[in-house]
Amino acid sequence: MKAVSGKIKHIRTSPSSLSWSYSLAPLASRTNPRNPPSSTLLDEFINFCYRRDLPRAMKAMAAMERHGIYADAITYSELIKCCLARNAVEQGKLVHKHVFSNGYQPKTFLFNILIAMFVKFNLLEQAQALFDQMPERNVVSWTTIISAYVNAKLSDRALEFFVLMLRGGVLPNMYTFSSVLRACNGLVNLRQLHCGIIKVGLESDVFVRSALIDVYSKLDELKDAICVFNEMETKDLVVWNSIIGGLAQNSDGDEALNQFKRMKRAGFTADQATLTSVLRACTGLALLEVGRQVHVHVLKFDVDLILNNALLDMYCKSGSLEDAKSVFERMVYRDVISWSTMIAGLAQNGFSREALKFFDLMKASGMKPNYITILGVLFACSHAGLVDDGWYYFRSMKKLYGIDPGREHYGCIIDLLGRAGKLDEAVKLVQEMECEPDAVTWRTLLGACRVHRNVDLAIYAAKQVLKLDPGDAGTYVLLSNIYANSERWEDVSEIRRAMRDKGIKKAPGSSWIEVNKQIHAFILGDTAHPKINEINRRLNQLIHKLMGMGYVPDTNFVLQDLEGEQRDDSLRYHSEKLAIVFGLISLSTGSAIRIRKNLRICGDCHTFAKLVAKMDCRLIVIRDPIRYHHFQNGVCSCGDFW
DNA sequence: GTAGGGTTAG
């Protein structure tokens, strides 16, 4: 009723319902030129429209049509608002038919309203047909149709209409630009649009700016996004959310959190979108404690599905599955993303059986899995070595769920076969894949060769990786180590030369640990951390103690090592060992040590972590780029299979 | 009558 009170406040002062038609008399002047001079039917119709009485208005409309009586565009727009509010699609279509009955041609305004109605009802074809039928189109007509195509993710079509609009000499406004910006599919047309915006003097509009920030960051042009953001004198919440979201989605979690602090200092209160992005930043950095703080604020928006999904993911990716499960259980609504997040989260953390149990529960609840759900399921199978189950899900996904296996699904099965030592079958699958294998596919096979020490196949797979991804430093190092191990020194120097010529350097192994909501970073053989001397002293003592318990540092890890060429002593100072020791020094007795790494963990650090977890009776969680290791009581959740 | 921000994999 909100809209009604705005429109007819002046005629609702009388409490008597009988006075309605009398009071509405001035509105009858909103008559269509086709109408007879005065009409009770029309008065009634107008009355029902403004009272949002859809059934009676529809009846009155039918009666009017029989008598050839029509209302004005404002009245029809009220009726359409009512149809939209009730999602009354059929009634909306009847209004459209009524307006055009007896060959009447409405003005642009009413055309626009009808087009907008069809768009909101998701009837794009009808909207387009009406648009085509218009004798004259203004900026609103064009913007409505462009924005409809943008929302339908038909960017090319949206851009085509934008060009047609310009050719037709219609000047775009801020509504048009905020829509069409979202259709940008490349930097070139984004820059052109940005110039156009400046030319027509719309660059200071907040809607246009937030769209610009969003599109620049989606195209990975963060510098430009930040530039647009910094130039703004007045920012609103959405603009802040755009920049925080852009940073969080581009793996710049640190900066996203910094901007979030600035936003709060500027006096803004976070809403659902802000918190979702902040959680995503925490997820990327595995900041469990900061994430927990955010959780407190999330409670205000209890039923927000997207926000709760982001919370779930944060807990999963911080290795805290118990928290994830309790959030999941408390969620009022769950969608396919909630389920997929849990399944993938459990699988990545090494709880494959539980992941598959969740998949069964999901199906039992009637939820239909999607492409990503199946990836999580296959990931669970591959990381638990469940060959038969993996094949079953892979072979039945098309039939049971109508999902065609993609490259990533093939990758999971190649991984599964490779880990299980079935390298021949894995190679066969690569050859039979319905899609072209990419660098990731070959790297998966290479990983399996590393585990099973198949030198010839490893060399072949590494060469395929380098053909498709010539800048992959890890593969160069691995290949060089394989050659070194086979004493193929000429090949070794060729690889080194290639790396030198191409300027390829391997990123040093780094680990991060959160202590008191602060992130501490360690790199291989670190000397920069303020407590490094104490860490090294404790590390040496610890290694000595562990060796007494039977620990033998594994220095022969040529086919295993992903940290690079360092051997012997440097093995001692792998970044995760430094981070573990720092955790032992800094965290209270018994509390979990959680570490995030940029490279995959090596065999020696894996053994080390198992022993430390046992000796110190605490949980150690190490997250690498692919999966998670939960070390407890001398064993790892990955079952030494990674 | 037409506009901007948030979730699962890789």
Side-chain angles (χ1 to χ4, degrees), chain A residues 73-74 76-77 80-81 84 107-117 119-120 137-148 150-151 165 172-182 202 205-215 217-218 236-246 248-249 270-281 283 298 301 304-314 316-317 334-345 347-348 369-379 406-409 411-412 438-441 443-444 625-626:
Chain A
I74 305 271
Y76 287 124
S77 86
I80 288 169
K81 274 184 210 162
L84 286 168
K107 295 260 187 319
T108 309
F109 178 78
L110 188 48
F111 258 110
N112 287 344
I113 292 167
L114 287 164
I115 294 172
M117 175 189 78
V119 169
K120 283 176 188 149
R137 303 173 186 100
N138 64 12
V139 60
V140 178
S141 337
W142 285 102
T143 304
T144 308
I145 208 77
I146 289 170
S147 123
V150 174
N151 288 331
M165 170 185 181
N173 63 14
M174 54 272 250
Y175 290 79
T176 325
F177 279 119
S178 6
S179 264
V180 80
L181 276 169
R182 290 166 54 224
L202 289 171
D205 182 80
V206 273
F207 279 71
V208 174
R209 288 244 181 178
S210 56
L212 274 169
I213 293 168
D214 194 51
V215 183
S217 48
K218 288 213 165 83
D236 68 1
L237 184 60
V238 176
V239 174
W240 280 103
N241 288 347
S242 303
I243 197 73
I244 295 170
Q249 283 157 36
D271 70 357
Q272 295 97 311
T274 328
L275 294 178
T276 305
S277 295
V278 170
L279 280 172
R280 182 159 173 164
T283 306
V298 170
F301 306 104
D304 190 296
L305 182 58
I306 298 179
L307 183 51
N308 274 292
N309 285 343
L311 188 62
L312 269 186
D313 195 41
M314 184 278 292
C316 286
K317 293 220 170 61
R334 298 178 190 121
D335 65 357
V336 63
I337 296 181
S338 331
W339 285 99
S340 306
T341 304
M342 280 311 292
I343 292 167
Q348 285 169 326
N370 68 11
Y371 188 96
I372 295 167
T373 323
I374 304 296
L375 267 182
V377 170
L378 295 179
F379 194 88
R407 209 176 265 135
E408 294 100 329
H409 297 104
C412 283
D438 66 356
V440 180
T441 315
R443 217 176 285 130
T444 307
I626 309 281

Taking the side chain of [X] as its heavy atoms from C-beta onward, which of [options] lies nearest to it?
X        : options              : value
A:Thr276 : B:dG4, B:dG10, B:dT7 : B:dT7
A:Ser179 : B:dT2, B:dA3, B:dT8  : B:dA3
A:Asp335 : B:dT2, B:dG10, B:dT7 : B:dT7
A:Met174 : B:dG4, B:dG10, B:dA3 : B:dA3
A:Asp304 : B:dA3, B:dT8, B:dG6  : B:dG6
A:Lys120 : B:dT8, B:dT2, B:dG4  : B:dT2
A:Ser178 : B:dA9, B:dT7, B:dG4  : B:dG4
A:Val140 : B:dG10, B:dG4, B:dT2 : B:dT2
A:Asn309 : B:dA9, B:dT7, B:dA3  : B:dT7
A:Thr143 : B:dT2, B:dT7, B:dT8  : B:dT2

Is there a side-chain polar atom (N or O) of [X] under 4.0 Å from OP1 or OP2 of [N]?
X        : N     : value
A:Arg137 : B:dT2 : no
A:Ser242 : B:dG4 : no
A:Gln348 : B:dT8 : no
A:Lys317 : B:dT7 : no

Problem set entry | Heavy-atom pair of closest approach, residues A:Gly411 and A:Thr444 |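 Distance-wise, the nearest heavy atoms are O-CG2, 3.6 Å.
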Problem set entry | Shortest non-hydrogen contact from A:Gly406 toward A:Tyr371 |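 Where A:Gly406 meets A:Tyr371 most closely, the heavy atoms are CA-OH, 3.3 Å.
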Exercise. So, the side chain of A:Asp214 versus the backbone of A:Ser210: is there a donor-acceptor pair under 3.5 Å, distance only?
Worked result: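 Looks like no, no N/O pair under 3.5 Å.
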Problem set entry | Check: A:Thr176 main-chain N/O paired with A:Ser179 side-chain donor or acceptor under 3.5 Å |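 Such a contact is absent between A:Ser179 side chain and A:Thr176 backbone.
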Nearest-angstrom distance from the residue atom [atom1] of [X] to [atom2] of [N]:
X        : N      : atom1 : atom2 : result
A:Asn151 : B:dG4  : CG    : C1'   : 11 Å
A:Asp313 : B:dG10 : CG    : P     : 11 Å
A:Ile213 : B:dG6  : CD1   : C1'   : 15 Å
A:Asn370 : B:dT8  : CG    : C1'   : 8 Å
A:Leu312 : B:dA9  : CG    : P     : 12 Å
A:Leu305 : B:dT8  : CG    : C1'   : 11 Å
A:Arg334 : B:dT8  : CZ    : C1'   : 16 Å
A:Met117 : B:dT2  : CE    : P     : 13 Å

Students often get this wrong, so: under 4.0 angstrom with heavy atoms, is [X] touching a base, only sugar-phosphate, or nothing?
X        : answer
A:Asp236 : base
A:Ser77  : nothing
A:Ile372 : base
A:Lys218 : sugar-phosphate
A:Val180 : nothing
A:Arg407 : nothing
A:Arg209 : nothing
A:Val208 : nothing
A:Ile146 : nothing

Problem set entry | A:Lys81 vs A:Leu84 side-chain heavy atoms within contact, under 4.5 Å |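 No, every pair of side-chain atoms sits at 4.5 Å or beyond.
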For this session: Flag the pair A:His409 / A:Ile374 as yes when at least one side-chain heavy-atom distance between them is below 4.5 Å, and no otherwise.
Result: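 Yes; the side chains approach each other to less than 4.5 Å.
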Exercise. Can you tell which of A:Asn309, A:Thr274, A:Leu311, A:Asn308 makes a side chain to side chain contact (heavy atoms under 4.5 Å, CB included) with A:Leu279?
Worked result: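 Output: one option passes, namely A:Leu311.
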